[in-house]
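Data first, discussion second: the structure below is written as structure tokens.
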Amino acid sequence: FVDVPGPCEPEDLIDGIIFAANYLGSTQLLSERNPSKNIRMMQAQEAVSRVKNTDGDAQTLTEVDLFISTQRIKVLNADSQETMMDNALRTISYIADIGNIVVLMARRRMPRTASQDCIETTPGAPEAKKQYKMICHVFESEDAQLIAQSIGQAFSVAYQEFLRANGINPEDLSQKEYSDIINTQEMYNDDLIHFSNSENCKELQLEKSKGEILGVVIVESGWGSILPTVILANMMNGGPAARSGKLSIGDQIMSINNTSLVGLPLATCQGIIKGLKNQVQVKMNIVSCPPVTTVLIKRPDLKYQLGFSVQNGIICSLMRGGIAERGGVRVGHRIIEINGQSVVATAHEKIVQALSNSVGEIHMKTMPAAMFRLLTGQETPMYI
Amino acid sequence: SALTITINPMEKHEQPQAAEE
């Protein structure tokens with residue numbers, strides 16, 4: 001392991017180490033996604049004062065064993081050795097130590113309905129402004145500082161493993177350097193601007209005969225897209241959708257007859273559209289989008305991985321939080337252009353070569369692979 | 001006494017929805 005400062009041997013942290021402590025209690029806080037260090041300090045102090053005030057002087061202490069490894073942090077009852085808490089290390093947001101107190105801040109899962117409400121009511125709401133639940137566990141120990149340092153070291157060792165798993169050699173860059181690179185990447189926000197402009201959102205009424213299909217092909221918008229909903233990939237000549245003259249290939253469908261399609265699997269969306277067969281009027285809410293997505297990746301140096309992989313011109317994986325995700329890269333999209341050059345007929349090796357040798361600003365145009373196959377006649381449209 | 005904060009570098013790669021209960 002590359003120079004991970006801390007009181008432990010990194011190998012010991014993989015197996016796990018144990019500290020004795022007293023558990024003082026837990027409390028819950030609401031927090032934005034990535035609060036500043038000052039806000040975190042206030043959160044830690046707030047957690048300590050809440051826990052200390054709960055029971056006052058009559059506070060009962062539970063003697064615990066704190067198990068720390070690069071995988072998880074467990075709290076065991078010192079007497080019975082029963083597991084009281086078990087948190088995956090990656091869900092620990094941060095730790096704080098104040099004198100003989102240690103505060104462990106763990107993220108809680110957001111209720112599914114809350115996350116969906118958020119998407120539906122405020123498309124493109126800044127991620128940082130959303131509130132997330134945080135559970136704060138407070139401990140007391142003479143070794144508080146040592147415990148905090150050991151957890152900090154476990155964070156670093158686990159993060160190095162994560163970087164290696166994503167093809168980044170930690171020896172090539174310090175942790176700070178990598179997070180600096182990430183922070184210099186602006187979120188490519190053309191999508192956000194586009195979705196938040198009400199002129200691009202339309203409500204349409206389509207007329208059709210009873211028993212007639214709508215005459216469309218839909219595809220997924222692709223993992224990594226701002227709004228996970230289906231895209232209109234093709235229209236049947238003379239079908240109700242094409243006849244209306246109100247739809248274009250690339251449009252993202254938000255809802256049909258007041259049923260939201262946002263976040264639903266493709267098959268469910270197809271089922272909803274098939275279910276319209278006996279209707280004579282269909283109401284649709286769409287966002288007009290060009291069929292081609294624009295991507296901008298800023299890569300200051302060849303030593304930084306792009307953070308996505310390509311197979312036969314199609315993006316097949318994306319590193320969460322990497323520079324490519326920030327640039328607008330989406331899984332399942334076919335690369336159409338790189339820096340103004342068409343790569344539609346380019347061999348896979350040449351595309352990989354072009355990407356791996358690109359530094360500075362990398363501009364790409366992409367499109368859902370299924371849409372590309374339909375537009376180029378490689379696939380026969382199955383209209384629904 | 002001084003308050004020290006150590007942030008988990010994995011935090012920025014982690015989806016809040018994926019966090020455990």
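Protein chains get the first letters and strands the later ones, always in sequence-line order, with residue 1 at the start of each.
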Can you confirm whether more than 12 heavy atoms, excluding those of [X], are under 6.0 Å from its [atom1] atom?
X	atom1	value
A:E140	CD	yes
A:E46	CD	yes
A:Q71	CD	no

Show the nearest heavy-atom pair for residues [X] and [Y], with the distance to one decimal.
X	Y	value
B:I7	A:Y94	CA-CB, 3.7 Å
A:F155	B:P9	CB-CD, 3.8 Å
B:I5	A:M41	CG1-CG, 3.5 Å
B:L3	A:A96	CD2-CB, 4.3 Å

From A:I151 atom CD1 to B:T6 atom OG1, the distance as rounded to the nearest 0.5 Å: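 Output value for this atom pair is 8.5 Å.
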
